[in-house]
Amino acid sequence: MTEEQMSQRAKAEEEMIEKSFQELLADYLATKHRKHTEIITKAFNFANQAHKGIKRRSGEPYILHPIAVAKVVCNEIGLGSTSICAALLHDVVEDTDYTVEDIENIFGAKIAQIVDGLTKIAGGIFGERASAQAENFKKLLLTMSEDIRVILIKIADRLHNMRTLGSMLPNKQFKIAGETLYIYAPLANRLGLYKIKTELENLSFRYEHPGEYREIEQKLEATASERDTLFAEFTAPIHTELDKMGLKYHILARVKSVYSIWNKMQTKHVPFDEVYDLLAVRIIFEPEKLEEERNICFDIYVALTKIYKPHPDRLRDWVNHPKSNGYQALHVTLMGNQGQWVEVQIRSKRMDEVDEKGLAAHWKYKEGGGYEDEGELEKWLRTIKEILDDPQPDAIDFLDTIKLNLFASEIFVFTPKGEFKTMPQNATVLDFAFSLHTDIGSHCIGAKVNHKLVPLSHKLQSGDQVEVLTSKAQRVQPEWVGYVTTARARARIGGILRKENKAYQKEGEAIVSAFLHEELVRMDDAALDKLCKLHNFHTREELLVAVGSKKLTLGDADRNVFKQKQGKRWKRLLPFPFGGKENGEGKVSEEDKPVEGINTKQVLKLTDETISKDYIMAECCNPIPGDDVLGYIDEQNRVIIHKRQCSVAARLKSSYGNRIIATEWDTHKELTFLVTLYLRGIDCIGLVNEVTGVLSRQLNVNIRRLEFEGKDGIFEGKIQLYVHDVDDVRTICNNLKQIQQIKVVVRTEG
């Protein structure tokens, strides 16, 4: 490139940067915030100079990223000049020689505090090692309680990274998309950022399952005219009624997102055609006085019930009982004239703004810092802080514990005195007991729900009145972990059990040491491993706890283990044919090596030969050729192949992203794989014979197992059979659907 060309390119980049910044300023001036343009311009000039000459992976000037994050902060979250400045400066301390002190001297303490919070969690929530991942996630949660704007800007940063993810390498895409779906989307949801949460989910899904994403998108486009007709016919009489009431309002159609459609198809085992709640209707009104909001919501509800029949169990009153993220609306499900249930959301313009921009839409910041609203979110943050005080040895367990609360929907329950408490959906009696106090939870023996005796595991419903029953003799049991769904309860139970297990482990060490000393055997890892193998324990700690708690008594069988002659020692041989290649596309930079000492291609091809020799197919999801898959390099340097949507893979992507490698199939129908199909339909005589006929005679498929059960004229069944790849599964499902009585055929995990 000549000097003149370089000069022209630099000039074009400067013009692009200036144009992008002017767009940000115009967006800010269009808001209702006080017009502090000088400080925003100052922050832009400072960041622009700090990042000068630095490029993103896409080739764009780096400063365009902070500007884009600031635009999200301004337009999509609704924050003001302080947050916009922090967004513009968010990478300066992390990527340049400037310090937080420099930021404070130039821009003041508040902006510096937010930038410092963002710097602490820079580079993603998760680091390279498990302990670092847990620590970084703790930092993120602690910054939420200091100033919620830190996490709001971090979510904006992640949104822009997801929008530009196409320039990243495949294994990085999987890591970032998995992390986003696992943590950032539920965080955005918890903070009321519904639109951002939906976009994060859709973008993650698009990169992880591009084929399925396109397929659902095309089906949505193909059925758009049907939905438009349904919406027009359904809302015509509603317009008539609301006009009579003299309201200022508008009605919108809301179509279910691609990701939520796919998620429903997976969890409910239904095809696209049987996802009936694709369309929802939103009525947004503007009251003359703010205090009239609630009454108008219910006036509209009464008007709707004159037109359509409401579903008796589907009224959701989030107006009188807002969600913890501030969401308010009245939800009612109505039966349309075409025999289809349609959900209608009734809300004021203010409520709609809170739904679009979350808590930022109604938090008022005080001059001294902090915010005025002390609602359910504050309780949630306090719960998080309690969990942080209880150190967890396993980073993934820690993340899962927090995540329980991120995803939770809410129910309302009452104490015997009529006090009102919010609990997550699916909360149990034991969850409720621990929400009152740790001592109450740890001594809980059951409860009276609506004056009826129920066990610890009983799931609570909205409106239940709960009286917890306790006994001093009661102790926390390991199986209680399976009885709870809240992060607080799980953390408390885990903490108590760990404390007990430490004592048992110490006692167990003493007993095992004395036992081995009598047998003249040295107490080392090899000796403990032999005992673990004999008693089917996965870890030495489990063995010692069992001995210390007197659940296991060492005896003659254990003595015999050490008297036997030691046989041949097995050696594990793991060929790694894709390592060490430095030519062509196999060359990988140091930063992209997932594990020290292993040099992998960015995309590993899974052939018939390598599948049979070098890879382990994960039993949790049983991938087969044609599935969207990824590889995970475990502690023994083995490559475990998972389906990308597998829940275990989701945790691995989020927590061990540096060990994830992109993989693709290149097989030739030489190997067979076991899959399970789920069937449902109308029960009739001879149905099983028809099914086996299609599989065995028509398709020549080898069946391993067949289970059918009929009840009240409906049958459900599972078939285990051997296939070569996803194409075989598709052919089998299509052929089985030709049987008139079969309504659903889908592949399932087990």
Side-chain angles (χ1 to χ4, degrees), residues 141 144-145 186-187 189-192 194 313-331 359 373-390 400-470 474 476-477 479-496:
L141 293 165
M144 286 176 68
S145 54
L187 259 179
N189 187 49
R190 190 68 188 203
L191 295 169
Y194 178 78
D313 301 322
R314 295 296 298 275
L315 178 66
R316 298 286 180 267
D317 179 9
W318 302 114
V319 174
N320 290 308
H321 305 296
K323 289 187 179 184
S324 61
N325 59 21
Y327 177 85
Q328 281 184 290
L330 190 62
H331 291 197
L359 290 156
D373 270 3
E374 275 272 341
E376 287 295 321
L377 190 92
E378 274 298 278
K379 293 179 193 172
W380 179 65
L381 289 174
R382 280 198 292 273
T383 302
I384 296 296
K385 279 189 252 183
E386 288 174 6
I387 295 165
L388 293 171
D389 292 337
D390 181 36
D400 279 349
T401 301
I402 298 293
K403 192 163 170 281
L404 288 171
N405 267 29
L406 294 183
F407 273 129
S409 298
E410 288 132 334
I411 59 171
F412 312 107
V413 294
F414 299 90
T415 67
K417 293 179 180 177
E419 292 169 2
F420 176 84
K421 280 192 77 73
T422 305
M423 295 294 293
Q425 198 168 21
N426 296 322
T428 63
V429 162
L430 199 52
D431 285 310
F432 182 74
F434 274 103
S435 76
L436 298 174
H437 198 279
T438 301
D439 280 346
I440 295 174
S442 58
H443 293 105
C444 179
I445 55 172
K448 285 184 180 178
V449 174
N450 304 326
H451 310 293
K452 183 182 175 184
L453 195 62
V454 296
L456 300 175
S457 58
H458 177 82
K459 282 187 181 177
L460 301 174
Q461 306 290 326
S462 253
D464 281 347
Q465 190 171 36
V466 188
E467 180 187 352
V468 176
L469 306 174
T470 60
Q474 178 68 296
V476 172
Q477 304 298 322
E479 59 267 24
W480 282 17
V481 175
Y483 296 167
V484 295
T485 61
T486 59
R488 180 193 174 100
R490 183 160 289 185
R492 288 289 174 266
I493 292 167
I496 293 165

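Model, not experiment: these values are computed from the prediction.
- Residues Q425 and T485 have side chains not in contact (no heavy-atom distance under 4.5 Å, counting atoms from C-beta outward).
- Counting heavy atoms from C-beta on, the side chains of L430 and W480 come closer than 4.5 Å.
- Note that the CZ atom of R488 and the CE atom of M423 stand 9.5 Å from one another [nearest 0.5 Å].
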Going through the distances and angles, do L460 and F432 end up as a side chain to side chain contact (heavy atoms under 4.5 Å, CB included)? CA-CA 9 Å; L460 301 174; F432 182 74; 3.9 Å; yes
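- With Q474 contributing its side chain and C444 its backbone, the two residues share a donor-acceptor pair below 3.5 Å.
- Listed for the D431 side chain is a donor-acceptor partner under 3.5 Å among the backbone atoms of T428.
- Nearest heavy-atom pair, E467 versus P416, reported as atom, atom and distance to 0.1 Å: CB-CG, 3.7 Å.
- Heavy-atom minimum distance, R490 versus V484: NH2-O, 3.4 Å.
- Taking S435 as the reference, nothing meets the side-chain hydrogen bond (donor to acceptor under 3.5 Å, both in side chains) condition, with sequence neighbours excluded.
- When atom types are taken as modelled, the side chain of Q328 and the backbone of V319 share a donor-acceptor pair closer than 3.5 angstrom.
- Within the 4.5 Å cutoff, side-chain heavy atoms of D317 are placed close to those of L330.
- Summarising the geometry of S442 relative to F434, their closest heavy-atom pair is N-CZ, 3.6 Å, with the distance given to 0.1 Å.
- Annotation: side chain to side chain donor-acceptor pair (under 3.5 Å) contacts involving residues 444-456, sequence neighbours excluded, comprise N450-D464.
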Applying side chain to side chain contact (heavy atoms under 4.5 Å, CB included) to L453 and L469, what does each step give before you reach the verdict? CA-CA 9 Å; L453 195 62; L469 306 174; 3.4 Å; yes
